[in-house]
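Working notes for the structure below.
Below, read A as the first sequence line, B as the second, and so on, with proteins coming before strands; counting in each chain starts at 1.
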Amino acid sequence: MPTRRTIEMNYDFREIEAKWQKYWADNQTFKAENHSSKPKFFALDMFPYPSGAGLHVGHPLGYIASDIYARYKRHKGFNVLHPMGYDSFGLPAEQYAIQTGQHPAITTETNINRYREQLDKIGFSFDWSREVRTSDPKYYKWTQWVFIQLFNSWYNIDTDKAEAIDDLIVVFEASGNTGINAVCDEDTTPFSAKDWKAFSSKEKQEVLLKYRLTYLAETEVNWCPALGTVLANDEIVNGVSERGGHPVVRKKMTQWSMRISAYAQRLLDGLNKIDWPQPLKDSQTNWIGRSEGASVTFNVISTQSEVEGEKSHKISVFTTRPDTIFGVSFMTLAPELDLVHEITTPAQKPAVEAYIEATAKRSERDRMADVKTISGAFTGAYAEHPFSKEPIPIWIGDYVLAGYGTGAVMSVPCGDQRDYDFAKHFDIPIPNIFEGVDISEEAFADKATTIIGNSDFLNGLCYKEATRKIIDALEALGQGEGKINYRLRDAVFSRQRYWGEPFPVYYVDGMPQMIDKKYLPIALPEVEKYLPTETGEPPLGNATKWAWDTKNNKVVFNEMLKQVQHDEDGERHSELDSESHQGVYPLELNTMPGWAGSSQYFNRYMDPNNEADIFSQEAINYWQDVDLYIGGSEHATGHLLYSRFWQKFMFDKGLVPKDEFAKKLINQGMITGTSAFVYRDDAGNFISKNLTVDKRVSPIHADVSFVNAGDELDIEAFKNWRPEYKDAEFILEDGKYIVGREVEKMSKSKYNVVSPDSICEEYGADSLRLYEMFLGPLEQSKPWNTAGITGTHGFLKKLWRLYVDDNGAKFTDAAPTKDNLKTLHKTIKKVEEDIAQFSFNTSVSTFMICVNELSIQKCTSKAILEPLAILVSPYAPHIAEELWSKLGHTGSIATIAFPIFEESHLVESSKEYPVSFNGKMRFKMELPLDMSKDDIEAAVMAHEKTQAQLQGRTPKKVIVVPGKIINIVG
RNA sequence: GCUCGAGUGGUGGAAUUGGUAGACACGUUGGACUUAAAAUCCAAUGGACAUUAGUCCGUAUGGGUUCAAGUCCCAUCUCGAGUACCA
């Protein structure tokens, strides 16, 4: 039993860490103030989804890095905002609810509590008074509120920002929509002020919906009738659902969409002013996919079969190569375009319809994955070339995607490989419009060396000139114009799920109405079952109390609705005539997607308990934006793009002062697990790894907790793991069973998960924090190996012994020696440089070197040991606090000023020069640093080893770089 | 296919503007202390040759630039991440 004395003298991390974690909580040490004379610093982590599996050692990596930075900034005199919260809406909780009937709110609460316990044990300096949870009605009230703001806005291209929909109505009333330059639906038709005034209220709402930044639209989704739900592309494998293997069909559904495409150019431009990793910026750039070119309209030539009175058709295409327009030998349409049915001739109808049916069966992903197979069908129709007036056959082909551009291309086989392959396959002519280029084998797509030929008025021109000239000609003809196209599509914002934010929306006459801010939040209703309804409605269709009473402004029971009608597809419609509804209307049944709650949480942290506003202007004006954001790169084109979009929208509305929410972003790398394998032969025996050569064995994952640092298996533990292993035979080598090891993603199913709890228990949080950083560069992925933690744990013990030994406190008031000061200041310098570059692994080594040197120097001087404790504090805060109090200080070390580096302690008078011969280092010699080049050369030449190296030769050249190196050539 | 990133001992990884390759750890080996173990401390540890002195090889591969290359240039290979018929 340890005496009081040994607890005092030994590094008892368990007691120390518990003590300081309690101190920080009791004293609210890390509470950030919204009023401060100090400069602000906002250090943010991507908040986690609280899964049932808890944290493994990979999760805290980024949190430790940002915590070190946050603590460092406090030492540097900043008012630091370092919050944490939970992205607590999501599918796993809902799945669990479906299986067990347990309410997702309960499992979510349980998981959050477990996360909190695990996070607390690691000693983070989070300001927990600012915690947010996306599934908390007090939080999602503001998610709903932002949605309403988006609904009430439209995008004005002339001012290049979002503006109030009310202002748009004023314009409509005065002059219709013809003078408006807005981002809106493609099918928006022109109307005058007079037309507008003549529209019914419903017609007006329909028109406005085409302009709103969030709007209802028919979207194609992957519908799985058996599961009664919509699936994401990656939930579909080989055309059937991943869960259950049910068939999936493409289906059009009315869903909320976000007009993010309005911000495409600004999202692109904004990348230039933020310090984010280049790969992440690249992937956003590719995702937005800007391409410059022209839109060209082709007239479809009337066919004899055309029904009388049918309007003439036009096909609009986008092309990046309008200069090659004289090389067009056919056009290709996406099979799903409605236009296809309208232009197909009777003779071609069977072939075309068969083809459309065949492509509908393939998922979008299948179609995209299969690049090699060329398929298509001729419609029998022809388009007219805008200049040559020649007829151009119109084909359909699944290599043209309905969702990109207009879903139609002008095919130039000599200039585009896909068009070339298509033309070859179907024996379509391939006219050559390039000067001096052979296209008998493949298409020619190099813009830089293009000289146009065989193209009427474009002959002899290069790509740039031809493009300019053809766009002018198209404009003169009224059949085209220069255009910039973006790949970025509007984002679907509806999910047929239960565990998400409800929309603050009810429907009158099928038109969506927003609920006033006063009555928010609209809380998730209770449901019996979390599955879709029998009629195929989303889970909220099961709610019995889910209607909006506009008289009393509250959610009421569905009985208050007079009737609910369903159409053939099972969709609920509010076909209640205005007499019968008595002011009660059906509420939206969809919920918001996972990214809704995470798109503005960083701003909410600034003023998380504000009930009147999303945040006060005072708070946002003080905190401004995120100074450092750390998180995984997997969010590159999801969360990080949507958040930037919402931020720009909020900026347009004057709600936030910055149009980019995070100045600096770092992607932490993944920590991989080192899986362990045992090898079972056909007889069921387990054979030690090195005896498996030439044997037929199957590797089986063994839990890594059964394996020691020497890869030896704890056979008893393994036998007790599973009943089927109870009586297994083990064939040993040298009396041991050795496992095989392999680096894989850390995952429960691979039994290679290491939990931070057991590490904290055995070695302490400070050891864990240091080790996670010591593993390697923050941004790289690296394998976890628990055995190595003895390195950082040993360092902490060594650090402790610098201050305390068996006789108690060691430190003295003795003046520091020159060596002591040199060691200290070398460390300050290196650590500050490392933190500035987020190179935390090298600063841990630097601490080790520092402590090794001070131990050798037998340093006991408080003048060294006090600043050292502060230096270490961001990395290993518990031990630093304890040492600080042992040094006689009261209160926390957290805001004590960081030691100041003084160059004077590092000034050297001499240098041990490496002396190289023909670039190879042979020996070293100590020389004064102020020695002139000539004197150095003379000294080196006089050295006996130089003569031995030269063996009588005369050097051709002697290179002296003062303070660096000497190289003798010859 | 395209875009981006990375290849250094048995392992994780160091190495400012080109200037002593392998810091710091883990592991391994030997030693001290101990009845023993743990803990701790000391020493060795890229490879080959050599009694020592020392020599040669060595940062994925092949070239190149340079007094000097892990670092710069060209080509190739391998691995990882993202993305995908984008007109």
Is the shortest heavy-atom distance from the side chain of A:Arg321 to the side chain of A:Thr319 under 4.5 Å? yes
Quick one: A:Tyr399 OH to B:A87 P, roughly how many Å, whole number? 13 Å
Taking the side chain of A:Ile965 as heavy atoms from C-beta outward, which of B:A87, B:A23, B:U20 is closest to it? B:U20
Who passes salt bridge (Lys or Arg N to Asp or Glu O under 4.0 Å) against A:Glu926, sequence neighbours left out? none
For RNA chain B, list all stems, counting runs of three or more consecutive pairs where every pair is Watson-Crick or G-U wobble with both distances under 3.5 Å. B:1-7 with B:77-83, B:10-12 with B:24-26, B:27-32 with B:40-45, B:46-49 with B:54-57, B:60-64 with B:72-76
B/S/- along nucleotides 49-68 of chain B (protein heavy atoms under 4.0 Å) is ------SSS---------BS
Pick base, sugar-phosphate or nothing for A:Asn852, based on heavy-atom distances below 4.0 Å to the nucleic acid. sugar-phosphate
Do any of residues 316-331 of chain A sit with a heavy atom less than 4.0 Å from RNA chain B, and if so which? A:Phe318, A:Thr319, A:Thr320
Tell me, with the steps shown, if A:Leu824 and A:Leu871 meet side-chain contact (heavy atoms from CB on, under 4.5 Å). CA-CA 10 Å; A:Leu824 176 70; A:Leu871 283 181; 4.1 Å; yes
Could you state the atom-to-atom distance from CD of A:Glu442 to C1' of B:G1 in whole Å? 14 Å
Quick one: salt bridge (Lys or Arg N to Asp or Glu O under 4.0 Å) partners of A:Arg14, sequence neighbours excluded? A:Glu761
What's the closest nucleotide to the A:Trp287 side chain, out of B:G19, B:C85, B:U83? B:U83
Tell me every residue that passes salt bridge (Lys or Arg N to Asp or Glu O under 4.0 Å) with A:Asp275, counting only those two or more places apart in sequence or in another chain. A:Lys664
So A:Val958 and A:Met941, side-chain contact (heavy atoms from CB on, under 4.5 Å) or not? Walk me through it. CA-CA 9 Å; A:Val958 177; A:Met941 292 312 291; 4.2 Å; yes
Could you list the residues that satisfy side chain to side chain contact (heavy atoms under 4.5 Å, CB included) with A:Arg418, not counting sequence neighbours? A:Tyr399, A:Asp416
Nearest-Å distance once atom P is located in both B:C24 and B:U71: 24 Å
Who are the side-chain hydrogen bond (donor to acceptor under 3.5 Å, both in side chains) partners of A:Asp834, not counting sequence neighbours? A:Lys830, A:Thr842
Contact pattern, 5' to 3', of nucleotides 9-14 of chain B - B, S or - by protein heavy atom under 4.0 Å: ---BSS
What is the separation between atom OH on A:Tyr763 and atom C1' on B:C26, rounded to the nearest whole Å? 12 Å
Sequence neighbours excluded, which residues qualify as side chain to side chain contact (heavy atoms under 4.5 Å, CB included) partners of A:Glu853? A:Thr823, A:Lys826, A:Ile849, A:Gln857
P atom, B:A75 versus B:G80: distance in rounded Å? 24 Å
Among B:G27, B:C24, B:C85, which nucleotide sits nearest the side chain of A:Ser845? B:C24
Rounded off to whole Å, could you give me the CZ-to-C1' distance for the A:Arg489 and B:C86 pair? 10 Å
Per nearest nucleotide of RNA chain B, the residue lying toward the 5' end, A:Glu912 or A:Gly794, is A:Glu912
Tell me whether B:G9 sits syn or anti, counting syn as a glycosidic angle within 90° of 0. syn
Quick one: on RNA chain B, does A:Gly405 or A:Gln278 contact a more 5' nucleotide (nearest heavy atom)? A:Gln278
Using atom CD1 of A:Ile856 as one end and atom P of B:C42 as the other, report the distance to the nearest whole Å. 8 Å
Euclidean distance, atom CZ of residue A:Arg290 to atom C1' of B:A87 [Å, nearest integer]: 17 Å
Taking the C1' atom in each of B:A60 and B:G70, what is the distance between them to the nearest angstrom? 12 Å
Have a look at A:Arg801 and say if it touches a base, only the backbone sugar-phosphate, or nothing, with a 4.0 Å heavy-atom cut-off. sugar-phosphate
Please walk me through it: do A:Ser283 and A:Thr637 pass side-chain hydrogen bond (donor to acceptor under 3.5 Å, both in side chains)? CA-CA 7 Å; A:Ser283 68; A:Thr637 51; 5.9 Å; no
Between A:Asp490 and A:Ser261, do the side chains contain a donor N or O and an acceptor N or O under 3.5 Å apart? yes
Whole-Å C1' distance, B:G12 and B:C2: 33 Å
Using the P atom as the point on both nucleotides, what is the distance between B:U65 and B:C74, in whole Å? 15 Å
B:C2 P sits how many Å from A:Arg487 CZ, rounded? 18 Å
Under the side-chain hydrogen bond (donor to acceptor under 3.5 Å, both in side chains) test, which residues partner A:Ser675, sequence neighbours left out? A:Glu744, A:Asn752
Exactly one of A:Lys911, A:Lys933, A:Met931 should register a side chain to side chain contact (heavy atoms under 4.5 Å, CB included) with A:Pro962. Which one does? A:Lys933
Can you name the side-chain hydrogen bond (donor to acceptor under 3.5 Å, both in side chains) partners of A:Glu292, sequence neighbours left out? A:Arg290
Compare the minimum distances between each of B:A87, B:U3, B:U20 and the side chain of A:Asp282, then state the nucleotide with the smallest one. B:U3
Counting only heavy atoms not in A:Lys822, do more than 12 fall under 6.0 Å of its NZ? no
If I pick the C1' atom on B:C33 and the same atom on B:U20, what distance separates them, to the nearest angstrom? 38 Å
Nearest-Å distance, CD (A:Gln417) to P (B:C85)? 16 Å
Look at all strands and tell whether A:Lys956 reaches a base, only sugar-phosphate, or nothing, counting heavy atoms closer than 4.0 Å. nothing
Quote, to the nearest angstrom, the C1' distance that separates B:G19 from B:C4. 31 Å
Within the supplied structure, the quantity of interest is the number of heavy atoms (other residues, nucleotides, ligands) at a distance under 6.0 Å from A:Glu441 CD; does it exceed 12? no
Between B:G58 and B:A69, how far apart are the P atoms? Round to whole Å, please. 12 Å
Checking all strands, does A:Thr332 fall into the base, sugar-phosphate, or nothing category for heavy-atom contacts under 4.0 angstrom? nothing
